Amino acid sequence: MRAGIVVLPEHRWWVAEPKWRAVEEYGFDHAWTYDHLGWRTLVDGPWFGAIPTLTAAAMVTSRIRLGTLVATPNYRHPVPFARGLLALDDISDGRVVLGLGAGGSSVNGYDDTVLGQPPPPVRARVARFGEFVELLDLLLSQERTTWRGEHFAAVDARSAPGCVQRPRMPFVVAANGPKTMRVAARFGQGWVTTGTDRDDDAAWWRSLAELSRRFDDTLAATGRPPTAVDRYVNLDAGPVYSLSSAECFRDAVGRAAELGFTDVVAHWPRGEGVFAGHESVLETVATDVLPELERSRSPR
């Protein structure tokens, strides 16, 4: 089991920098930020771009993996996005993990409405996402790409010098439904889920078990073994904030491991509102829980 944490891009860098440094010093395996133009109840507050934030984070860390949780096609075209990702991969010396999602309107309609466009229907959104991932896969793994779909196109797009990671940076694909799971099974080195039934803790954990079984079936249908794709769960997508206490986090990690997840992701505690908590809990997790995870991964 590996553990990661999300640092929301809501702070000026003089406040954010110590947090990114601390994530690595605490012993987390990966660190993430949201890739939105604004998010839920925080839409009226400070908010910064994901790629510049991760680039700055790469400059003050040296070990942890860094990624988007998750980048969507809501306001991005794969061709210019790939160029930004190539730069980030180079600056981080190959530590980028690209989290990708369809961008459901129920989660963040602002990314659509701020551009003056209505959110596309679910079917179109999923189709657009499939194209987004497929074209990014091509752009990041070959020198020149010409490709055309219904939603995106590229004409002789160059991608020199290519990713530090070969053939490209790993994709962690967000998926709860059957069509997006097929995208994850085809292109993903990782799969991330938020579960369903998020108002009831027991029901949420049952949904994770069911989604994991469905993903097993999807992998089998594409000819990939269950161990071919790492499995991430956003612990804070459920009704209980995972860093409410160190014991809460330890319990959540144990339950996720029992369901076959390889990675868990929590959120840096905020002073109020969403993910409200105390940084002292994070320090206790770093002192008491993360070393347990490290020992569990060490060869006996």
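As the structure is a prediction and not an experimental result, all values here were calculated from the model.
Between Phe129 and His151, the distance separating the two ring centers is not shorter than 6.0 angstrom. The six-membered or imidazole ring of His30 lies near that of Trp32, with a centre-to-centre distance under 6.0 Å.
Using bins of under 30°, 30° to 60° and over 60° for the plane-to-plane angle, the ring pair Phe152/Phe132 lands in the tilted bin. The aromatic rings of Phe215 and Trp191 lie parallel to each other, their planes meeting at an angle below 30°, with 60° marking the opposite boundary.
A cation-pi contact, defined as under 6.0 Å to the ring centre and within 45° of the axis, is absent between Arg270 and Phe275.
Using a 4.0 Å cut-off between charged side-chain N and carboxylate O, Arg76 and Asp35 make a salt bridge. Using a 4.0 Å cut-off between charged side-chain N and carboxylate O, Asp263 and Arg65 make no salt bridge. Taking 4.0 Å as the cut-off between side-chain N and carboxylate O, Glu17 and Arg21 count as a salt-bridged pair.
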Kindly indicate, with the supporting measurements, whether the criterion salt bridge (Lys or Arg N to Asp or Glu O under 4.0 Å) is fulfilled by Glu210 and Arg206. CA-CA 6 Å; Glu210 176 59 26; Arg206 287 194 298 270; over 6 Å; no
Could you walk me through whether Asn74 and Arg125 pass the side-chain hydrogen bond (donor to acceptor under 3.5 Å, both in side chains) check? CA-CA 9 Å; Asn74 278 339; Arg125 188 181 292 272; 2.9 Å; yes
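Remark: Glu143 CD is loosely packed, at most 12 non-hydrogen atoms of other residues, nucleotides or ligands lying under 6.0 Å away. Sparse packing is recorded around CZ of Arg148, with 12 or fewer heavy atoms of other residues, nucleotides or ligands lying under 6.0 Å away. Counting non-hydrogen atoms of other residues, nucleotides and ligands closer than 6.0 Å to NE2 of His77 gives a total above 12.
Evaluation of the side-chain contact (heavy atoms from CB on, under 4.5 Å) rule for Val7 yields Lys19, Trp20, Val23, Trp268 as partners, not counting sequence neighbours.
Residues Cys248 and Val240 are in side-chain contact: their nearest non-hydrogen atoms beyond the backbone lie under 4.5 Å apart. Counting heavy atoms from C-beta on, the side chains of Leu69 and Thr33 never come closer than 4.5 Å.
Here the closest heavy-atom approach between residue Val264 and residue Ala256 is recorded as CG1-CB, 3.7 Å.
Each of Arg40, Glu10, His267 was checked for a side-chain hydrogen bond (donor to acceptor under 3.5 Å, both in side chains) with Tyr34, and the lone residue meeting it is His267. Considering Leu66, Ile64, Asp29 in turn, Ile64 is the only one that fulfils the side-chain contact (heavy atoms from CB on, under 4.5 Å) rule with Glu24.
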